[in-house]
Amino acid sequence: MKAKVVSDLFEKALVQMGINDKYDFVFETPKNPEHGDLSTNIAMRLAKPMKKKPADIAQEIIDQIKGKSDLIEDLTIAGPGFINIKLSPKVYANAIKELYKKGENICRQDFGNKLKVNVEYVSVNPTGLLHLGHGRNACLGDTIANLYEWTGHDVTREYYFNNAGNQMNNLAQSVYARYMQKIEGEDFPFPENGYHGEYIKEIAEEVHQQHGEALKENTPENINLMRKAGEEWSFKRIKATLARMSINQDVFYNEDSLYKEGKIKNLLALFEEKGLSYKKDDATWLRFSEMGLSDDRVIVKSTGEPTYRLPDIAYHREKFERGFELLIDVFGADHIATIPDVMAAVKYLGYDTERVRPIIHQFVTLMENGEQVKMSKRTGKSYTLDDLLDEVGSDVVRFFLLMRSFNTHLEFDLDLAREQSEKNPVFYLQYANARISSVIENAIEAGAKLDDENAKFELLTHPSELNLINEAMNVDRIIKSATQKCEPQVLADYLRALASEFHKFYHDCRIIGVDADLQTARLALVRTIKHIIKNSLTILGLSSPERM
RNA sequence: GGUCCCGUAGCUCAGGUGGAUAGAGCACAAGUUUCCUAAACUUGGUGCCGCAGGUUCGAAUCCUGCCGGGAUCACCA
């Protein structure tokens with residue numbers, strides 16, 4: 001935003017100097033405020049092609065620009081050849097006015113051009129409850145979807161699940177065993193690789209309540225009932241847990257429909273037709289070795305069942321066929337190995353892999369008193385996402401899961417999360433919003449009028465005001481960057497910086513009761529800040545309480 | 001062994017396309033409120049940026065090799 005103000009001037013200056021080629025140079029905000037509001041490395045970039053000293057080039061540029069714009073107060077040469085630019089306060093006044101006009105639309109952008117985006121996340125099979133890692137996946141996916149929505153994309157939130165196959169059999173047999181143990185005692189054998197979670201007992205209990213002892217025989221029909229019961233029980237709770245974090249997906253895509261609708265068959269036929277698959281040892285193999293990967297892999301087992309790769313590939317193809325132009329897949333680090341296979345196959349099928357964006361997030365560990373927590377103290381069972389939501393609430397869970405870059409291992413500090421005080425970073429943000437609400441309320445009571453597009457923003461000259469405006473000016477860049485990087489952490493970090501500038505401003509500058517014009521300008525400023533904070537919190541999926 | 005992620009302050013982590021004196025939160029210490037919410041603000045300091053080379057005016061950032069931690073490498077999903 002700031003750079004826009006000066007870049008034209010610089011480009012004109014270069015033309016004046018007879019430099020018409022494009023060179024790579026940047027404007028940036030110096031870390032050290034003594035270096036001005038903006039600085040550019042242009043002179044250093046030109047030193048080599050022009051065969052002159054950076055300082056001399058810088059001086060030439062400065063001579064060209066100086067005095068030509070009332071937006072620039074001063075230009076100086078510093079360090080190895082930087083040009084430091086001191087902007088006139090007018091730049092900030094213009095900027096905050098522009099932001100103020102956006103009102104509640106302030107975090108919205110439209111660079112998405114209605115691109116059809118599919119964000120797939122959570123996607124756990126209905127065999128149990130959600131845990132912390134799933135929580136990270138869910139919050140990431142949901143927030144990425146929010147970001148894309150706010151930037152003008154046409155977003156579909158999707159959940160892909162599989163309620164067939166080995167794991168579901170396993171679930172069914174586990175429920176059956178618990179059911180039988182209930183009737184015949186603890187000696188009834190439990191399947192070796194069964195699901196040991198306590199929740200299986202709950203499911204068995206429900207089955208028992210509903211059917212009594214009628215399902216004692218290990219028949220396919222009865223096992224199928226167990227499976228259904230387990231699936232429904234799990235899905236109900238998964239959805240409920242997600243809803244507690246305000247996560248509601250649009251499409252629940254069942255892997256099974258790929259079979260029912262012949263998508264798997266079609267794909268197999270296509271692979272065969274293209275000579276990409278072959279039979280060996282009764283299995284069907286895909287020639288990944290011809291797609292740039294090292295080894296061929298089985299896609300249909302000798303038993304006739306496909307491996308996970310086949311439906312995964314078919315599913316991606318299906319998403320493209322449904323018209324999506326960008327596929328974002330949110331996976332945990334344990335899925336890392338499947339991605340190259342899918343990508344290679346998708347590419348070979350003629351789709352643009354640039355349009356597939358796998359987001360692999362690292363694991364989460366829950367820490368308490370410096371030690372890893374695996375079991376819930378209260379229940380003695382393994383720690384679920386619901387347990388965490390019970391303890392600290394959705395806002396804290398979401399923020400903690402989002403405040404770190406997805407590709408670093410995340411330590412969830414339970415002690416800090418439990419802290420209902422200023423130590424908790426979530427409250428720091430929400431408090432800024434609540435403070436502004438309160439000020440606005442008081443201002444209205446005192447008879448201040450709020451809707452003033454003609455507010456005299458040029459009166460905002462206190463360093464704390466300028467710093468706050470300066471931070472607010474970054475909002476578009478941040479939202480865009482967070483979206484393109486699929487990195488909510490960028491926004492979370494920005495929000496903290498913005499809240500910090502706000503709190504400093506609040507401390508230094510009174511709003512109500514100062515000179516009328518200044519009061520109007522400051523009210524307009526804090527309302528703008530409030531919109532940014534509130535919208536950012538919304539994008540992150542957090543609430544913005546008006547009072548705290 | 002191959003592939004991916006990570007290694008930055010006591011701890012947890014940031015570090016837009018390479019830039020000037022590497023930052024924040026927490027923890028620790030001291031202070032600020034007759035005045036719009038003190039869940040706030042102010043002050044205090046610590047870094048072989050894992051190691052070693054390379055690229056260049058300039059590297060925490062890019063390249064190569066190594067070391068350490070995590071994940072993953074099925075006719076399991």
- Tyr431(A) and His503(A) aromatic ring geometry - parallel, tilted or perpendicular at 30°/60° bounds: parallel
- Message: Check Lys530(A) with Glu546(A), please: is the shortest side-chain N to carboxylate O separation under 4.0 Å?
- Response: yes
- Query: Which whole number of Å gives the distance between the P atom of C4(B) and that of G65(B)?
  - Reply: 11 Å
Return the polar atom pairs (N/O with N/O) between nucleotides 55-57 of chain B and the protein under 3.5 Å, or none.
residue	atom	partner	partner atom	Å
C57(B)	OP1	Lys48(A)	NZ	3.1

- Task: Please state how far atom CD1 in Ile83(A) lies from atom P in G19(B), giving the value in whole angstrom units.
- Result: 18 Å
- Base, sugar-phosphate, or nothing for Phe27(A), non-hydrogen atoms under 4.0 angstrom? base
- Note on the structure: Closest to the side chain of Asn162(A), out of A77(B), A20(B), G16(B), is A77(B)
- Task: In whole angstrom, give me the gap between the C1' atoms of U12(B) and A27(B).
- Result: 11 Å
- Note on the structure: Its contact letters, B for base, S for sugar-phosphate only and - for none at protein heavy atoms under 4.0 Å, make nucleotides 28-41 of chain B read -------BBBSBSS
- Do Glu368(A) and Tyr383(A) have a side chain donor and acceptor closer than 3.5 Å? no
- Item | Reference residue Glu255(A); test side-chain hydrogen bond (donor to acceptor under 3.5 Å, both in side chains); the match among Asn125(A), Asn163(A), Asn162(A) | Asn162(A)
- Query: Of the nucleotides G16(B), C5(B), A77(B), which has the atom closest to the Arg477(A) side chain?
  - Reply: G16(B)
- Indicate yes or no for a side-chain donor-acceptor contact from Arg398(A) to the backbone of Leu540(A) under 3.5 Å, with no hydrogens or angles considered. yes
- Message: Tell me whether the rings of Tyr253(A) and Tyr160(A) are parallel (<30°), tilted (30 to 60°) or perpendicular (>60°).
- Response: parallel
- Message: Can you tell me how the ring of Phe502(A) sits relative to the ring of Tyr506(A), calling it parallel under 30°, perpendicular over 60° and tilted otherwise?
- Response: tilted
- Item | Atom C1', compared across C76(B) and U72(B): separation rounded to whole Å | 14 Å
- Gap between atoms CD1 and P, on Ile313(A) and A77(B) respectively (whole Å): 13 Å
- Task: Take atom CD of Gln489(A) and atom C1' of U12(B), then tell me their distance rounded to the nearest Å.
- Result: 13 Å
- Task: Return yes if a side-chain donor-acceptor contact under 3.5 Å exists between Thr40(A) and Arg45(A), otherwise no.
- Result: no
- Considering only atom P, compute the distance from A9(B) to A14(B) and round it to an integer number of Å. 13 Å
- Task: For RNA chain B, just give me the dot-bracket, please: Watson-Crick or G-U, both distances below 3.5 Å, ( ) intra-strand, [ ] crossing earlier pairs, | paired with another strand, . unpaired.
- Result: (((((((..((((.....[...)))).(((((.......))))).....(((((..]....))))))))))))....
- Item | Separation between the P atoms of U37(B) and A20(B), rounded to whole Å | 41 Å
- Distance, P atom - from U8(B) to C51(B), rounded to whole angstrom: 10 Å
- Message: Just checking Lys263(A): does its NZ atom have more than 12 heavy atoms from other residues, nucleotides or ligands closer to it than 6.0 angstrom?
- Response: yes
- Item | Value in whole Å for how far the C1' atom of G25(B) lies from CD of Glu419(A) | 13 Å
- Inspect the contact between Glu471(A) and Lys504(A) and indicate whether a charged nitrogen and a carboxylate oxygen are less than 4.0 angstrom apart. no
- Message: Regarding Ala443(A), tell me which of base, sugar-phosphate or nothing describes its non-hydrogen contacts under 4.0 Å with the strands shown.
- Response: nothing
- Query: Could a donor-acceptor pair under 3.5 angstrom be found where the side chain of Thr338(A) meets the base of A77(B)?
  - Reply: no
- May I ask you to check whether over 12 heavy atoms, not counting those of Glu371(A), lie within 6.0 Å of atom CD? no
- Figure out the CG/P separation between Asp295(A) and U3(B), and round it to whole Å. 13 Å
- Closest to side chain of Tyr308(A), choosing from A71(B), C13(B), A77(B): A77(B)
- Find the distance Asn369(A):CG to C26(B):C1' and express it as a whole number of Å. 15 Å
- Tell me what Ser302(A) touches on the nucleic acid: a base, only sugar-phosphate, or nothing, going by heavy atoms under 4.0 Å. base
- Message: Checking side-chain polar atoms at under 3.5 Å, does His335(A) have a donor or acceptor matched by the opposite partner on Asp329(A)?
- Response: no
- Query: Does a salt bridge link Glu60(A) with Lys52(A), judged by any charged N lying under 4.0 Å from a carboxylate O?
  - Reply: yes
- Can we say Lys423(A) and Asp413(A) salt-bridge, meaning some charged N sits less than 4.0 Å from an Asp/Glu carboxylate O? no
- Given G70(B), C75(B), G19(B), the nucleotide with the shortest approach to the side chain of Ala283(A): C75(B)
- Message: Any base atoms under 4.0 Å from Asp312(A), or only sugar-phosphate, or nothing? Heavy atoms, all strands.
- Response: nothing
- Task: Taking only the side-chain heavy atoms of Ala337(A) (C-beta and beyond), determine which of C73(B), C5(B), C75(B) contains the nearest atom.
- Result: C73(B)
- A14(B) phosphate, OP1 or OP2, under 4.0 Å from Thr408(A) side-chain N/O: yes
- Message: I'd like to know if Glu465(A) pairs up with Arg522(A) as an ion pair, taking the criterion as any Lys NZ or Arg NE/NH1/NH2 lying under 4.0 Å from an Asp or Glu carboxylate oxygen.
- Response: yes
- Message: Regarding Asp413(A), tell me which of base, sugar-phosphate or nothing describes its non-hydrogen contacts under 4.0 Å with the strands shown.
- Response: nothing
- Query: Heavy atoms under 4.0 Å, any strand shown: does Asn32(A) hit a base, just sugar-phosphate, or nothing?
  - Reply: base
- Query: Which whole-number value in Å describes the distance from His361(A) NE2 to A71(B) P?
  - Reply: 15 Å
- Query: Whole Å only: how far is the CZ atom of Arg136(A) from the P atom of A71(B)?
  - Reply: 14 Å
- Message: Please tell me if Lys301(A) has a side-chain N or O lying less than 4.0 Å from either OP1 or OP2 of A77(B).
- Response: yes
- Message: Taking G45(B) as the reference, what is the distance to U64(B) when you measure between their P atoms (whole Å, please)?
- Response: 40 Å
- Given A20(B), C76(B), C5(B), which nucleotide is nearest the side-chain atoms of Asn84(A)? A20(B)
- Task: Select from Trp285(A) and Lys31(A) the residue whose nearest nucleotide in RNA chain B is closer to the 5' end of that strand.
- Result: Lys31(A)
- How is Ser39(A) classified with respect to the nucleic acid when contacts are heavy atoms under 4.0 Å: base, sugar-phosphate, or nothing? base
- Closest-nucleotide ordering on RNA chain B, the 5'-leading residue of Pro425(A) and Val300(A): Pro425(A)
- Measure from the side-chain heavy atoms of Gln167(A) and tell me the nearest of A77(B), G25(B), U72(B). A77(B)
- Message: Applying a 4.0 Å non-hydrogen cut-off, can you work out what Glu305(A) is touching in the nucleic acid: base, sugar-phosphate, or nothing?
- Response: nothing
- Message: Suppose you measure atom P in C63(B) against the same atom in G7(B); what distance do you get, rounded to whole Å?
- Response: 14 Å
